[in-house]
Trainee: 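Take a look at this one; I'll ask things after.
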Amino acid sequence: MSRAALLVLADGRFPAGGHAHSGGAEAAVKAGRIHDDRTLEAFCRGRLHTAGLVAAGLAAAAALGMDPAVLDAAADARTPSPALRAAARRLGRQLLRAARATWPSAELEAVAAAFPRGAHQPVVLGVTARAAGLGPLDAAHVAAYEAVGGPATATVRLLGLDPFEASGVLARLAPAMDEVADRAADAARLALSAGAGALPAASSPLLDIAAEAHAAWPVRLFAS
């Protein structure tokens, strides 16, 4: 296992397409739910323990070697918003392109062949982590960080929020990110024997509703 590979995969400069997505922050800013570092932290904490936990569980399970097709179906079942399902598959397709170029593997090629229009991003993330020699907890950590890092970065652009304040939000959320990654990895290990139903299925209805509204905007800065 390479810690350097973990840093490469988690790096915001890795060409996986995440910079074009706000993780729901754009809609939350327009609705007034995010307007400073305090409200950004509240938004990110909620997202981490819902969508972030689900993504981390799927990524950890894929890193353990669970069938990507089974996990992709589980991701669909946990994503009621069509807009979010479409965004997850676009992100999965972009991540897979970057991963195949960076860590070539038969498993990544198999995912590309099975999902020509893209698998859900957390599933691809887990298979990518596996190809990079990383474990389920590593994959869960990357997914947990992405769940809050994307909105924090987007809010700097959307509000002109001080980048130092956004970084402070992420630092304060670090213990919660560790907790979510641990829970997700534990659930993934259980799912190996109990099936994908053992993976987290936390819901975030407001994120789903906001995503559908955001997708209908004629002009927006972020894709989701």
Trainee: Heavy-atom distance under 4.5 Å between the side chains of Leu159 and Asp36, does that happen here?
Mentor: no
Trainee: Atom CG of Leu84 and atom CD of Gln121: how far apart are they, to the nearest 0.5 Å?
Mentor: 12.5 Å
Trainee: Would you mind listing every side chain to side chain donor-acceptor pair (under 3.5 Å) that reaches into residues 161-178, with sequence neighbours excluded?
Mentor: Glu41-Arg172
Trainee: I'd like to know if the side chain of Arg100 and the backbone of Ala112 have a donor-acceptor N/O pair within less than 3.5 Å.
Mentor: no
Trainee: Decide yes or no for Phe43 and Val148: does some side-chain heavy atom of the first lie under 4.5 Å from some side-chain heavy atom of the second?
Mentor: no
Trainee: Give a yes or no on whether the backbone of Ala28 and the side-chain of Arg33 come within a donor-acceptor separation of less than 3.5 Å.
Mentor: no
Trainee: With no hydrogens and no angle check, is any side-chain donor or acceptor of Glu26 less than 3.5 Å from a backbone partner on Leu221?
Mentor: yes
Trainee: State, with a plain yes or no, whether a side-chain heavy atom of Trp217 is found less than 4.5 Å away from one of Lys30.
Mentor: yes
Trainee: Could I get the full list of side-chain hydrogen bond (donor to acceptor under 3.5 Å, both in side chains) partners for Arg220, not counting sequence neighbours?
Mentor: none
Trainee: I'd like to check the side-chain contact (heavy atoms from CB on, under 4.5 Å) partners of Ala202; sequence neighbours left out, ordered by chain and number.
Mentor: Thr50, Val54
Trainee: Applying ring-ring contact (aromatic ring centres under 6.0 Å, His included), which residue pairs with at least one partner in residues 7-30 are found, sequence neighbours left out?
Mentor: Phe14-Trp103
Trainee: With sequence neighbours excluded, tell me which residues meet side-chain hydrogen bond (donor to acceptor under 3.5 Å, both in side chains) with Asp186.
Mentor: Arg189
Trainee: Filter on side chain to side chain donor-acceptor pair (under 3.5 Å), then keep only pairs touching residues 8-17, sequence neighbours left out; what's left?
Mentor: Asp11-Arg13
